[in-house]
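Chain identifiers are assigned alphabetically (A, B, ...) following the order of the sequence lines, protein sequences preceding nucleic acid strands; residue numbering begins at 1 within each chain.
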Amino acid sequence: MYETNYHRASSVEEAGKLFTGSEDAKYLGGGQTLIPTMKQRLAAPVDLVDLGGIDDLKGIAEDSGALRIGAGTTHYDVATSDVVKRLIPGLAHLAACIGDPAVRHMGTMGGSIANNDPAADYPSALVALGATVTTSTRELSAEEFFTGMFETALEEDEIVIAVSFPVPEKSAYSKYPNPASRYAMAGVFVAKTKDGSVRVAATGAGQDGVFRIAAMEQALAETWSADAVAGISVDAGDLLSDIHGTAEYRANLVTVMAKRAVAAAG
Amino acid sequence: MGVEGIGARALRKEDKRFITGKGKYTDDKVLPRMTYAAFVRSPHAHAKITNIDASAALEMPGVEAVLTGHELVADGIGNLICGWMVHSKDGSPMNMGAWRALESEIVRHTGQAVAVVIADTQELARDAADAVNVDYEELPAIVSASAALLDGAPQLHPEAPNNLIFDWEIGDEASTDAAFASASHVTRMEIENNRLVPNPMEPRAAVADYDVAEEHYTLYTTSQNPHVARLVLSAFYNVAPEHKLRVIAPDVGGGFGSKIFIYPEEIVALWASKRVGRPVKWVSDRTEAFLTDAHGRDHKTVAELALDANNKITGFRVKTVANLGAYMSLFSSSVPTYLYATLLSGQYDIPAIHANVKAVYTNTTPVDAYRGAGRPEATFVVERIIETAAREVGMSPVDFRRQNFVRSFPHQTPVIMCYDAGDHDATLDAALKAIDYDGFPARKSEAASRGKLRGMGLSCYIEACGIAPSAAVGSLGAGVGLWESAEVRVNPVGTIEVLTGSHSHGQGHETTFAQLVSERFGVGTETVAIVHGDTDKVQFGMGTYGSRSGAVGMSAIVKALDKVEAKAKRIAAHLMEASEGDIQIEGGVLKVAGTDKKLSFSEIALAAYTAHNLPEGMEPGLKEGAFYDPTNFTFPSGTYACEVEVDPDTGKTEIVNFVAADDFGKIINPMIVEGQVHGGLTQGIGQALLENAAYDENGQLLSASYMDYAMPRADDVPSYQLLTTETLCPGNPLGMKGCGEAGAIGSPPAVINAITDAINNNDLAMPATAERVWRASRGALPQAAE
Ligand SMILES: Cc1cc2nc3c(=O)[nH]c(=O)nc-3n(C[C@H](O)[C@H](O)[C@H](O)COP(=O)(O)OP(=O)(O)OC[C@H]3O[C@@H](n4cnc5c(N)ncnc54)[C@H](O)[C@@H]3O)c2cc1C
């Protein structure tokens, strides 16, 4: 790791000031991506602005038909929250599938979506559930927020404050983990909203990060059953290929995970 | 604690310090005025170095020195050696290219060290290493061993035309050819043994301290064999004569073979500590470990098995290409030859065997011994082809194996080894019973009803441990003898120190070796200390690898204990005015048989040291040393049975049951043995399902971190069922065979045989990733039970 200066902000405003006052700063969430990257000397911010002390980023609350989760909420808190388990059990399950206990106790939802790793789990839930991301300056739909592999719509100094998930009628997540990293090789989140529309989003497989699968959404809107998606495959041409799996194999996994997610949603 | 002798499940004495975080590892060593080393490493797999510019690094305050191969050569530091001479079948010696601890002309693998920075802090050393500018002219690289042999392939070393290190053979080609000419069935397979990265929990490290006034060096290092390290550093690398070099291997967090070898970094740390006049510490980071710890395996083999009309094996022909990487590591030449092809007879009576091994240079990390070293490669070839042959001729794999088992001992194989003892039916019977082999068809059809493919695979392994009779290995090219030493020191108060040349880096020697003493004298294990890992404290010894610490290291201790016991009995007889033959040792007391006369062990010890009343002519003291040179290898063997369920949708394999039935001869501490088997099985399952050192065609290691190198985790493996049977090894006093590597040796073929059975397709390479299994299984629908 290169030398860095550590700052702990107590409000969103203070964090923003510390950030803009530095020649090269980075926000620090749970540090589960940023710190390992710094240890490998692949990132070398002059200043680290820790968001962990900001109250506005904390908390999980039910809020007029939606579930609002502060950006600083850890994966462990999402996985074990009674409110999340009651309202969107698929989301609690997803959080429980992230990394290992140490990672879940430190890593945060804000950090995960700001990083937008193409193999991260949360992006699929945000897109499938039609979530809204509240930042220090604006509100964005999930699809506006995620713009490509490791890319988001966030400005340099913009801070994710919270994510609001409309409560669906039902939803579920099914993940096939990479055998080494245990990130998603393919993870599919399916959701049926209270008005009957269906959204299906896949992570881990796409070259540009999370993507929706229109053909599956249509099929499920007509018949909500695992069989409805069993014959639908995504185009392998747009998928990732690496030492763990070819694009063709990932395409298979997307279909299998979609089937399993639908079955799990019931 | 208390008296815990042979067979006791004594808790590990060393665990208090390990579990409470109080172990003392090399990186814990902090010396006054210590500096830190960081290496500048090649980003290319093959390139000419055109210039090294260290000026910017040298200007950074706190940087002591930037050293390159030029200074190293000028100071007379020797090239790295290979300690085992192998000759090609035409009689010519192996073709070995030069390996310098710091390369200044041509780099031959990614991560090779080209310079070292010595600085006040580790961070600074790394920053300065980044500031060293090295200009490279890239050369074409080659990573596949078979491609490296082809005309026109990039050439690594002028000493090795066509990248061929040796073209070696063993066995009788003519009689093998004759067996094939008259065979009624021939099974032929192409078999690959995937390259692995050892990944001990503690990465390598060195702290080197040069004392100017005494012209003496001390090296703290992560070594499995500190005396051998000292010998090689002295005799070949010219760092210092042996009496001016102390090597200490303190607590070491795992080795699996990778810490046998003396690497460039340890040599450079010693040399640099004299150059800068301050202690130098180097600690490998995980990326350096992936790139520079000697890798394991990496064989490509074509194997053919000849059967007669009764399905009796008549001949076995094996051609292997072994990838040794960019340089010949310390024992690299022995691994694909004498540790591999000598085991190709497996548990079977095979009249004719011929093997040919070509060892090849490529632009990859050097390959050397890794848990099992040659024997996992042999076992994989043998047990895959045995299983396949049985399937091809329509015989049950159990009956086919039984029909070909070796049943009378000693058994001379056609490939040097002479098996001394064993009972292959006993381990096979035990494994089949434990896994409920007969109930498998019902379980298979039940799994099919859930859409899962269930398979059963066996592996009947035999391996060679206790490495090895010195004269025998000497005649085969080894540069060292492979005996072991021990000294038993009874203190005047009766406590006992055992100085052993073996080295414990996870094996629990402090417990097991103490149990030997406890058994012998009836004293508590808490009164026994095992001393190892310091060349200033312990007499020369050969260290720990090849599952030798029990069969060889403990045999040396037994010999020393015999001498101590004899002397103690003489003293007791003298003091109690009895005849020596009447003295018995029981519960820490020496008694005169048939009387109530007795003296405690500590009273005898004190008498030995006060020397007021010793038998006529006896020297004072109670301290004896011994060297033990084994008379043969030892031959652990067993049967592993693996039951898997494959998810045909994803290709994911789950091991639902795994039985290991091992014959390790005499077992001292069953708990520790089980731990060794658990670890070995898990490494073997890791190789079979997950682990792979993958290079791209330019020689970049794609799996150079845990994001991409899949280590087995607890949830990848089942709860193992372990059983042991016992035939004593006739070659050593305790009858021990060794247990450290068997799990890693025997398990991969059991797993692959099970998966190929489940998916009904025999064409499956390791690691059997989900995608590979998915592809191989497509079309193979769940079958009803036979
Ligand atoms: C061993 C391991 C296994 C893992 N496995 C998984 C897995 O299976 N699935 C998965 O999805 N993830 C996995 N992760 C990643 C983990 O979920 C991280 O927690 C997450 O990606 C980043 O969150 P963080 O809070 O740790 O952010 P940090 O690492 O602190 O920051 C990540 C990035 O986000 C920025 N950032 C952080 N918070 C905010 C904010 N509120 N507003 C704006 N920018 C912000 C930072 O500046 C930085 O650029 C794993 C990580 C590890 C170490």
Side-chain angles (χ1 to χ4, degrees), chain A residues 1-4 32-33 36-42 44 97 99-101 103 117-120 174-188 204-205 226 229-231 233 236 239-261 263, chain B residues 38 121-131 194-195 197 199 285-288 290 451 647-654 685-686 688-696 700-716 767-778:
Chain A
M1 197 184 285
Y2 295 95
E3 277 186 15
T4 190
Q32 295 304 292
T33 294
T37 314
M38 289 172 67
K39 278 190 182 165
Q40 289 191 296
R41 298 163 77 87
L42 297 171
C97 293
D100 51 50
V103 169
D117 190 311
S174 186
K175 169 180 183 175
Y176 193 86
N178 175 312
S181 72
R182 304 267 172 116
Y183 276 72
M185 274 202 17
V188 176
V229 292
S233 43
L239 301 189
L240 289 165
S241 220
D242 58 26
I243 57 170
H244 304 291
T246 59
E248 192 188 355
Y249 178 63
R250 279 189 163 84
N252 170 64
L253 286 180
V254 168
T255 304
V256 174
M257 292 305 115
K259 268 166 53 183
R260 291 185 183 174
Chain B
T121 68
Q122 193 171 48
E123 297 306 322
L124 180 59
R126 288 191 177 158
D127 289 351
D130 286 351
N194 43 325
R195 179 186 279 242
V197 180
N199 283 305
D285 66 22
R286 194 51 77 178
T287 308
E288 288 181 293
F290 271 101
D647 175 347
D649 290 346
T650 61
K652 166 105 177 143
T653 297
E654 186 194 349
I685 290 172
L689 295 181
L690 298 162
E691 296 184 49
N692 193 27
Y695 282 94
D696 73 8
Q700 295 295 327
L701 183 59
L702 298 174
S703 49
S705 83
Y706 294 131
M707 291 296 283
D708 289 303
Y709 189 88
M711 292 287 282
R713 300 180 209 195
D715 65 352
D716 289 314
T769 61
E771 173 160 6
R772 279 183 173 160
V773 175
W774 174 72
R775 286 188 184 279
S777 68
R778 286 170 83 183

Can you name the ring pair (Phe, Tyr, Trp, His ring centres under 6.0 Å) partners of Y706(B), sequence neighbours left out?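 Partners of Y706(B) by the ring pair (Phe, Tyr, Trp, His ring centres under 6.0 Å) criterion, ordered by chain and then number, come out as F290(B).
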In terms of heavy-atom proximity below 4.5 Å to chain B, should [X] be classed as side chain, backbone, both, or neither?
| X | value |
| --- | --- |
| M185(A) | neither |
| E3(A) | neither |
| N178(A) | side chain |

Between D715(B) and R182(A), is the closest basic N to carboxylate O distance under 4.0 Å?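 Looking at D715(B) together with R182(A), the answer is yes, because their closest N to O distance falls below 4.0 Å.
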Write down the atom of Y249(A), the atom of A770(B), and the distance for their closest heavy-atom approach.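 Y249(A) and A770(B) have their closest heavy atoms at OH-CB, 3.1 Å.
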Of all heavy-atom pairs between M707(B) and Y183(A), which one has the smallest distance, and what is that distance?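 Result for this residue pair: CE-CE1, 3.8 Å.
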To the nearest 0.5 angstrom, please state how far the [atom1] atom of [X] sits from the [atom2] atom of [Y].
| X | Y | atom1 | atom2 | value |
| --- | --- | --- | --- | --- |
| K39(A) | R286(B) | NZ | CZ | 12.5 Å |
| R41(A) | D285(B) | CZ | CG | 9.5 Å |
| T255(A) | D649(B) | OG1 | CG | 10.0 Å |
| T769(B) | H244(A) | OG1 | NE2 | 10.0 Å |

Looking only at atom types and distance, does a side-chain atom of N252(A) sit under 3.5 Å from a main-chain N or O of T650(B), one as donor and one as acceptor?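 No, the answer is negative, given that no donor and acceptor are paired below the 3.5 Å cut-off.
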Tell me if a side-chain donor or acceptor on E771(B) pairs with a main-chain N or O of T246(A) at a distance below 3.5 Å.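 Between the backbone of T246(A) and the side chain of E771(B) there is a qualifying donor-acceptor contact (under 3.5 Å).
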Could you tell me which of M711(B), R126(B), R772(B), R713(B) has the largest number of non-hydrogen atom pairs under 4.5 Å with chain A?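 Winner by heavy-atom pair count: R713(B).
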Identify, with sequence neighbours excluded, every residue that meets salt bridge (charged side-chain N to carboxylate O under 4.0 Å, His left out) alongside D647(B).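 For D647(B), the residues satisfying salt bridge (charged side-chain N to carboxylate O under 4.0 Å, His left out) (neighbours in sequence not counted) are R260(A).
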Residue part contacting chain A, namely of D130(B), when any heavy atom lies under 4.5 Å: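 For D130(B), the contact with chain A is made by the side chain alone.
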For I243(A) and D708(B), what are the C-alpha separation, side-chain angles and deciding distance, and is it a side-chain contact (heavy atoms from CB on, under 4.5 Å)? CA-CA 8 Å; I243(A) 57 170; D708(B) 289 303; 4.1 Å; yes
